[in-house]
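Since the structure comes first, as structure tokens, the remarks are kept for the end.
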Amino acid sequence: MSIMEYNGGSVVAMVGKGCVAIASDLRLGNQALGISSNFQKIFPITDHIYLGLPGLATDVTTLKEQFRYRVNMYTIKEEREIEPEAFAHLVSSTLYERRFGPFFIEPVMAGLTKKPSGEYKPFIAASDLIGCLNFAKDFVVAGTASSKLFGVAEGLWEPGLEPEDLFETISQTLLNAVDRDAYSGWGAVVHVM
Amino acid sequence: MPQTRSFDPYTENGGTILAIAGQDFSVIAGDTRQSEGYSIQTRYAPKVFRLTDRAVLAVNGFAADGNMFVKKVKQRLEWYRHAHAKDMPLRAIARLIQTMLYAKRFFPYYVYNILGGIEEDGTGAVYSFDPVGSYEREACRAAGAAQSLVQPFLDNQIYFKNQVPAPGTTHPAYLSLPDVLSIVIDSFTSATERHIEVGDGLEIYIVFAKTRDLQDFETIRAKNVHLIQELTVAEDGERIFVLRRDLKKD
């Protein structure tokens, strides 16, 4: 019995032209048994950052609250909103704190960074369960359907997608991947920024 | 002191195979990398074999079993030719493969088979098998190391899963040959990008029904003369071609 597959669930994030998208399924399971078809795995962190937490459901809840606390503390101390890059490193250090008794979560994040010129730069990142970051410039995947997500995303994604096309690409990627994964599915949610 | 001895007669040799059936043609493809663990044994080990002028078999899994199995299938097809003075029809080959696999139910050939070709009624067909002979006729199938990467992509692009046709239109029942070839090549380049056991070379077998107009294929062939080889033996029957391409070697 693998702890990473105990509750099931998958998340994917993609970069577009001046936009980002993050999507997940909505299943909560107990191994093969479906429990809920409305289990949230993606959480808004700021107005410009979304965080996906696929993995062990109990740790989804714990980490969601812990990140809320730490981002609030950051906002108060710094008197400004956290940037996506800084948030990625906050995720990383939070997970590495538990290096030898980890949270069973592989976070995926998507956000927009405001450049001095005023335009927004898309940002995505993923991490393993102990905080090793992956700053991909195309797409990142995680969860029980990750190998399927990799296959479909590699086939469908292309550089410079406009928001409407990015929405279609990430939706088709997620839907077709989770349809071949028994532990993922039961509804989906897509966020485009 | 108690001692334990064990003999493990199986290994996994990586690689991926794929087949798609069209209305009056069939495409069967496989990469040519053969590996064991993290080592590449060879960059050119064919996994796709011409059985007759209208049947092609792709074999993936344990390479030694795969080669032996293909050898025995070819032997049975030769005996059939001597006895009946004709090639065995595709659906009969499919049933033969089931019987041969199930005959070794308790010491199986550790291979996944995909059989592609032209049926007696002139339609393109794909049959896929599990290692002990359970089989099914389908429009498309991927198997092997990158099955989990390729199959959901095929669901989307071949079966149009999760796609809604524009109002007043329907999805095409069969895809054109250029579309099918593009999907096959995209599937393998994607799998090569993300899977370490896939790469080096790609062999695509294309089988045409005898009635088929080869105009669209001749256009592709003219642009890829050095890549395409004709394997047809009998005249005015089904025709077989093989297209060989490079895949990334890292």
Side-chain angles (χ1 to χ4, degrees), chain A residues 2 4-5 8-14 21 23-27 106 126 134 136-159 164-190, chain B residues 12 14-18 20 29-31 60 112 128 136 138-166 171 175 179-199 202 247-248 250:
Chain A
S2 165
M4 298 302 291
E5 283 152 30
S10 302
V11 181
V12 54
M14 286 179 175
S24 82
D25 70 324
L26 290 173
R27 184 178 182 269
E106 293 180 336
N134 165 22
K137 51 188 189 308
D138 44 9
F139 53 83
V140 284
V141 303
T144 52
S146 60
S147 63
K148 287 117 183 165
L149 285 165
F150 267 128
V152 188
E154 195 66 57
L156 296 184
W157 187 89
E158 54 187 44
E164 291 78 10
D165 297 335
L166 182 67
F167 170 78
E168 200 59 36
T169 306
I170 198 169
S171 305
Q172 289 293 322
T173 301
L174 183 78
L175 255 19
N176 290 288
V178 301
D179 282 356
R180 281 280 174 181
D181 182 27
Y183 293 126
S184 299
W186 265 25
V189 63
V190 181
Chain B
E12 275 274 4
T16 282
I17 51 171
L18 157 63
I20 301 170
D31 71 325
N60 193 232
Y112 284 88
S128 67
E136 180 182 17
E138 297 174 289
C140 78
R141 172 59 66 187
Q147 183 192 38
S148 64
L149 284 77
V150 175
Q151 191 65 52
F153 179 66
L154 259 28
D155 292 343
N156 188 225
Q157 297 293 312
I158 305 291
Y159 293 120
F160 299 103
K161 288 279 170 69
N162 295 112
Q163 287 193 264
V164 184
H171 291 309
L175 280 114
D179 288 354
V180 167
L181 287 177
S182 303
I183 290 165
V184 170
I185 292 166
D186 282 359
S187 298
F188 275 95
T189 41
S190 292
T192 302
E193 203 64 48
R194 294 286 178 176
H195 201 111
I196 55 169
E197 291 173 1
V198 182
L202 173 59
L247 288 172
K248 283 169 74 176
D250 56 1

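A note on names: the letters A, B, ... follow the listed sequences, proteins ahead of strands, and every chain is numbered from 1. Since we're looking at a predicted model, the values are computed, not measured.
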Original post:
After noting the C-alpha distance and the side-chain angles of A:D179 and B:N162, does the key distance pass the side-chain contact (heavy atoms from CB on, under 4.5 Å) rule?
Top reply: CA-CA 9 Å; A:D179 282 356; B:N162 295 112; 3.0 Å; yes
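- B:Q157 meets the side-chain contact (heavy atoms from CB on, under 4.5 Å) test with A:L156, B:F153, B:I183; sequence neighbours excluded.
- Once rounded to the nearest 0.5 Å, the distance linking CZ of A:R180 with CG of B:L154 reads 9.0 Å.
- At a heavy-atom cut-off of under 4.5 Å, chain B is reached by A:S147, A:K148, A:F150, A:G151, A:V152 from residues 144-153 of chain A, listed in order of number.
- Proximity to chain A among residues 140-148 of chain B is limited to B:R141, B:S148, judged by heavy-atom separations below 4.5 angstrom.
- For residues 169-178 of chain A, a heavy-atom distance under 4.5 Å to chain B picks out A:Q172, A:L175, A:N176, A:A177, given by residue number.
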